[in-house]
Amino acid sequence: MEEIFLARTEFSSYDDFIRNYELKIPENFNFGYDVMDKIAEKTPDALALMWTNDEDEYYEITFGKMKELSDKAASFFLQCGVKRGDFVMLILQRRYEFWISMIALHKIGAVAVPATHMLTKEDLIYRNNVASIKMIVAVNVPDVVKHIDESRGESPSLKACVLVNEFGVEKPVADLPEGWLDFTTGCEKAPPFPVLPRDQVSSNRDYMLGYFTSGTTSHPKLAIHDFLYPLGHITTAKYWQHVSKGGLHLTVADTGWAKTSWGRLYGQWICETALFVYDYHSRFKPVDLLHQVQKHRITTFCAPPTIYRFLIKEDLSGIDFSSLTHCSTAGEPLSEEVFTQWKKITGLEITEGFGQSETTVSLFNFDDQRIKPGSIGKPAPYYNICLLNDEDEEVGNAVVGQICFKLDKERFPDTDGRFPGLVCEYYGSPEKTGEAFHNGYYYTGDTAWRDEDGYYWFVGRCDDVIKCSGYRIGTFEVESVLIKHPAVLECAVTGEPDPVRGQVVKATIVLAEDYKPGNEDLAVDIKRFVKEMTAPYKYPRIIDFVDALPKTTSGKIMRKELRKPKQSD
């Protein structure tokens, strides 16, 4: 189906790719109708999604079945009062209902806001009010239900809560909590989905999808994408992940993170490959993924470097990798050792890529390019990438600068120079939007340097966002919880390098007067406190008690000093 949206699909070289990649953008493009329903009409029996879990439950959804299920869900959501432009949060882990709900929301022109199941009451209240969330569709996990119920009293926009089974296929929730609606029952009883005029559903520039992204000096920002966003992911799926029609693709990601939109939804289905979803519940073991690859003959695989680091430490001699044709990674730099060992084990090179919740794949290695392990590759089409210093001057090779996109208004005059796939704004935050978009550039907040061959090498975040095992953790979010502990007088959170997780959260703490740093139980209590107050993946694995934090003359904490290795006596 990608040929419908591309002037050309095949390219002889990277230079040919950059010069001649051209999108054909329809009017009133809507992924639900223009991709999913079109494929359902053309090949209704083709596999769209293969779902399984570690209880050996199994479910296949064809494109024809996906149209039927998403139409029912869309009708049910309309019955719940959701309409065009309303914001709906999805907290569904790896349940197949996530994909049904996403397509349904697109079909009625609502705005989907995927979220992690680890959000607590305070996390939810903040997000519900920033986005005026009207409905939450959540998985039936006790803590998830509890935190949502606790948030309702302080979330005036929230009108409906819908529950999906944690286990089982097409089964209602057995003991539905008070005040909740059941997804399966609601879809079954919903009237036929009405055929709405397309101009009443959505326009290209309407908001379609939002992700809360972490920062260090404020609460998370809501990055909003419009209905053109899926078209930007053709490059992600076809030219970076190398998915193919009739294939089976596995990207390792929870549905609450933007990586799902990158690797388990838009570009992949435009290319008519099926999605493989492994809904594990017991303690996650990366090697289990490879048993799924072998059992289900998965063809393309994408995972964060953390997963590859775990996998190469396993005995993989008994795994059959013959179905795999391509492997990719993103999220943090990949070491040369992991690259080399994976190639030795599987015969496949890992292709790195770079992007954000705010973008589609922006830098990656094209077919004819030699892969340099550790490099994030070269710019993708349409992203006119440059490196800028603090004075907004372009830097030369071998000099670290911020990765920025020059907004080409001549090529995209109707979109203010923004390529389909690039974030529209930070919702409700014109100040943050202005920080990202000004002087004719989009500022990613990430730094890199470029070598003499035009390859880019990632350095780190400008604002110190921590990337731990694929999670993005804003230091401000952790600090705002730490400071609530009675023992914490002052604190600063930084990322500490870790050979397995990439980075872990480190908290440097100045204690209140009545507390002593030599108390080991205190560090344990502070970690427990953070786990209970916010999503547990944010807790500091390292705690360092100090007498004072290093600061500038203006009183700002000097995190660079905290990241320096301690000198031995």
Is the ring pair [X]/[Y] parallel, tilted or perpendicular, if the boundaries are 30 and 60 degrees?
X: Phe458; Y: Phe354; answer: tilted
X: Phe167; Y: His281; answer: tilted
X: His233; Y: Tyr266; answer: parallel

Stepwise, does the side chain to side chain donor-acceptor pair (under 3.5 Å) test hold for Asp367 with His242?
-> CA-CA 9 Å; Asp367 280 351; His242 286 237; 3.0 Å; yes
Is it the case that the side chain of [X] and the backbone of [Y] share a donor-acceptor pair, with hydrogens and angles ignored and the cut-off at 3.5 Å?
X: Ser323; Y: Ile298; answer: yes
X: Asp182; Y: Cys187; answer: no
X: Tyr537; Y: Cys468; answer: no
X: Asn128; Y: Ala131; answer: no

So, for Phe364 and Tyr239, is the gap between ring centers shorter than 6.0 Å?
-> no
Rounded at 0.5 Å granularity, tell me how far [atom1] in [X] sits from [atom2] in [Y].
X: Leu158; Y: Leu124; atom1: CG; atom2: CG; answer: 9.5 Å
X: Leu92; Y: Thr116; atom1: CG; atom2: OG1; answer: 11.5 Å
X: Lys83; Y: Gln200; atom1: NZ; atom2: CD; answer: 14.0 Å
X: Asn365; Y: Ile376; atom1: CG; atom2: CD1; answer: 9.5 Å
X: Leu275; Y: Leu265; atom1: CG; atom2: CG; answer: 7.0 Å
X: Ile136; Y: Cys161; atom1: CD1; atom2: SG; answer: 5.0 Å

Please check if any side-chain donor atom of Tyr383 sits under 3.5 Å from a side-chain acceptor atom of Thr360, or the reverse.
-> yes
Scan side-chain atoms only and decide if Gln268 and Gln241 contain a donor-acceptor pair under the 3.5 Å cut-off.
-> yes
Side chain to side chain contact (heavy atoms under 4.5 Å, CB included) between Tyr21 and Thr235, worked out | CA-CA 9 Å; Tyr21 184 90; Thr235 304; 3.0 Å; yes
With sequence neighbours excluded, give me every side chain to side chain donor-acceptor pair (under 3.5 Å) pair touching residues 297-313.
-> His249-Thr300, Arg297-Asp320, Arg297-Ser322, Thr306-Arg309, Arg309-Glu332
Smallest separation among heavy atoms of [X] and [Y], with atom names:
X: Ala73; Y: Ala104; value: CB-CB, 3.6 Å
X: Lys238; Y: Cys271; value: CB-SG, 3.8 Å
X: Ser202; Y: Asp206; value: CA-OD2, 3.4 Å

Stepwise salt bridge (charged side-chain N to carboxylate O under 4.0 Å, His left out) test for Glu272 and Lys42 = CA-CA 11 Å; Glu272 297 180 68; Lys42 182 180 66 171; 3.1 Å; yes
Answer whether the closest heavy-atom distance between the side chains of [X] and [Y] falls below 4.5 Å.
X: Tyr539; Y: Val504; result: no
X: Val137; Y: Phe98; result: no
X: Val141; Y: His117; result: no
X: Trp99; Y: Leu69; result: no
X: Arg84; Y: Val201; result: no
X: Phe193; Y: Lys107; result: yes
X: Phe301; Y: Leu348; result: no
X: Pro220; Y: Tyr126; result: yes

Among all residues two or more places apart in sequence or in another chain, which pass the side-chain hydrogen bond (donor to acceptor under 3.5 Å, both in side chains) test with Tyr280?
-> none
Can you confirm whether [X] is buried at [atom1], in the sense that more than 12 heavy atoms of other residues, nucleotides or ligands lie under 6.0 Å from that atom?
X: Lys24; atom1: NZ; value: yes
X: Glu27; atom1: CD; value: no
X: Glu57; atom1: CD; value: yes

Should the pair Asp149-Lys146 be classified as a salt bridge under the 4.0 Å nitrogen-to-oxygen rule?
-> no
Begin with the C-alpha distance, continue with both residues' side-chain angles, and end with the deciding distance and a verdict on salt bridge (charged side-chain N to carboxylate O under 4.0 Å, His left out) for Asp498 and Arg541.
-> CA-CA 11 Å; Asp498 183 86; Arg541 295 177 181 271; over 6 Å; no
Evaluation steps, side chain to side chain contact (heavy atoms under 4.5 Å, CB included), between Ile108 and Val82 = CA-CA 8 Å; Ile108 60 179; Val82 177; 3.8 Å; yes
Can you check side chain to side chain contact (heavy atoms under 4.5 Å, CB included) on Leu6 and Ile234, steps first, answer last?
-> CA-CA 9 Å; Leu6 294 179; Ile234 296 175; 3.9 Å; yes
Cationic tip of Arg264 within the cone over Trp51's six-membered ring, i.e. under 6.0 Å and within 45° of the normal?
-> no
Chi angles and distances behind the side chain to side chain contact (heavy atoms under 4.5 Å, CB included) call for Lys67, Glu41 = CA-CA 9 Å; Lys67 171 177 170 47; Glu41 181 182 354; over 6 Å; no
Which pairs count as ring pair (Phe, Tyr, Trp, His ring centres under 6.0 Å) when at least one residue sits in residues 64-89, sequence neighbours excluded?
-> Phe87-Tyr427
